[in-house]
Chemist: 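Could you have a look at this structure, given as structure tokens, before my questions?
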Amino acid sequence: WVGTSLVAGAITIIYDHHQRELVNKLLDIQHDYQEVIISTQHVHLDHDNCLEIVAVKGKAACVQRLSDGLRAVKGVKHATLSMSSTGKGI
């Protein structure tokens with residue numbers, strides 16, 4: 001994607017909720033990107049693991065930086081970014 005392209009998508013993260021300060025770090029990052037976050041959904045998978053889905057819309061480069069930042073937090077076990085054109089201008 002070109003960095004200035006408008007995209008919509010989802011960032012999916014699985015993490016260990018017992019990891020110290022992990023949730024606070026994830027929330028701090030999300031607050032820094034509130035201009036591209038549409039909504040979030042939190043799911044308790046089991047006693048140890050949580051799934052978070054972050055719906056996003058904005059410039060591709062910004063969405064990619066958000067995804068990279070969330071993925072890099074210690075305790076995140078898996079993270080994926082799925083994005084597509086917003087359909088605008090097609």
Chemist: Please determine whether side-chain contact (heavy atoms from CB on, under 4.5 Å) holds for the pair H42 and C50, giving the CA-CA distance in whole Å, both sets of side-chain angles, and the decisive distance to 0.1 Å.
Modeler: CA-CA 7 Å; H42 182 89; C50 292; 3.6 Å; yes
Chemist: Decide if atom NZ of K74 counts as having more than 12 heavy atoms of other residues, nucleotides or ligands within a radius under 6.0 Å.
Modeler: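 No, the 6.0 Å shell around NZ holds no more than 12 heavy atoms from other groups.
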Chemist: The criterion is side-chain hydrogen bond (donor to acceptor under 3.5 Å, both in side chains); which residues satisfy it with E21, sequence neighbours excluded?
Modeler: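 With neighbours one apart ignored, the set is N24.
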Chemist: Any idea which heavy atoms bring Y15 and V76 closest together, and the distance?
Modeler: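 For Y15 and V76, the tightest heavy-atom pair comes out as CB-CA, 3.9 Å.
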Chemist: Within the 4.5 Å heavy-atom criterion, are T12 and V54 side-chain neighbours or not?
Modeler: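 They are not in side-chain contact.
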Chemist: If every non-hydrogen atom of A10 is compared with every non-hydrogen atom of V56, which pair is closest and at what distance?
Modeler: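 Smallest heavy-atom distance, with atoms named: N-CG2, 4.1 Å.
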Chemist: Return the minimal non-hydrogen interatomic distance between K57 and T86, and the atom names on each side.
Modeler: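 Residues K57 and T86, closest heavy atoms: CG-CG2, 4.3 Å.
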Chemist: Name each donor-acceptor pair under 3.5 Å that joins a side chain in residues 28-35 to protein atoms two or more places apart or in another chain, with its distance.
Modeler:
| residue | atom | partner | partner atom | Å |
| --- | --- | --- | --- | --- |
| Q30 | NE2 | E52 | OE2 | 2.8 |
| Q34 | NE2 | H31 | O | 3.4 |

Chemist: Not counting sequence neighbours, which residues clear side-chain contact (heavy atoms from CB on, under 4.5 Å) with D46? List them please.
Modeler: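 D48, N49.
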Chemist: First locate atom CE of M83, then atom OG of S5, and finally report the distance between them rounded to the nearest 0.5 Å.
Modeler: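 One finds 8.5 Å between CE of M83 and OG of S5.
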Chemist: Among residues at least two apart in sequence or on other chains, which ones pass ring-ring contact (aromatic ring centres under 6.0 Å, His included) with H78?
Modeler: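 H78 satisfies ring-ring contact (aromatic ring centres under 6.0 Å, His included) with no other residue.
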Chemist: Taking ring-ring contact (aromatic ring centres under 6.0 Å, His included) as the definition, give me every residue that meets it alongside H18, ordered by chain and number, with sequence neighbours left out.
Modeler: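 So H18 forms a ring-ring contact (aromatic ring centres under 6.0 Å, His included) with H47.
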Chemist: Which Ile, Leu, Val, Met, Phe, Trp or Tyr residues join L51 in one cluster when any pair of side-chain heavy atoms under 4.5 Å counts as a link?
Modeler: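 L51 shares its hydrophobic cluster with I14, V43, L45, I53.
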Chemist: Considering all heavy atoms of both residues, which atom of V36 and which atom of G58 are nearest to each other, and what is their separation?
Modeler: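 Smallest interatomic distance, heavy atoms only, reads CG1-CA, 4.1 Å.
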Chemist: Show every donor-acceptor pair shorter than 3.5 Å between a side-chain atom in residues 64-73 and any protein atom, with sequence neighbours excluded, or say none if there are none.
Modeler:
| residue | atom | partner | partner atom | Å |
| --- | --- | --- | --- | --- |
| Q64 | NE2 | D68 | OD1 | 2.9 |
| D68 | OD1 | R71 | NH1 | 3.3 |
| R71 | NH2 | A79 | O | 3.4 |

Chemist: With rounding to the nearest 0.5 Å, note down the distance linking CD1 in I13 to CG in L81.
Modeler: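 Here the interatomic distance stands at 11.0 Å.
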Chemist: Are any of the side-chain heavy atoms of K77 and D16 separated by less than 4.5 Å?
Modeler: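 Side-chain contact under 4.5 Å: yes.
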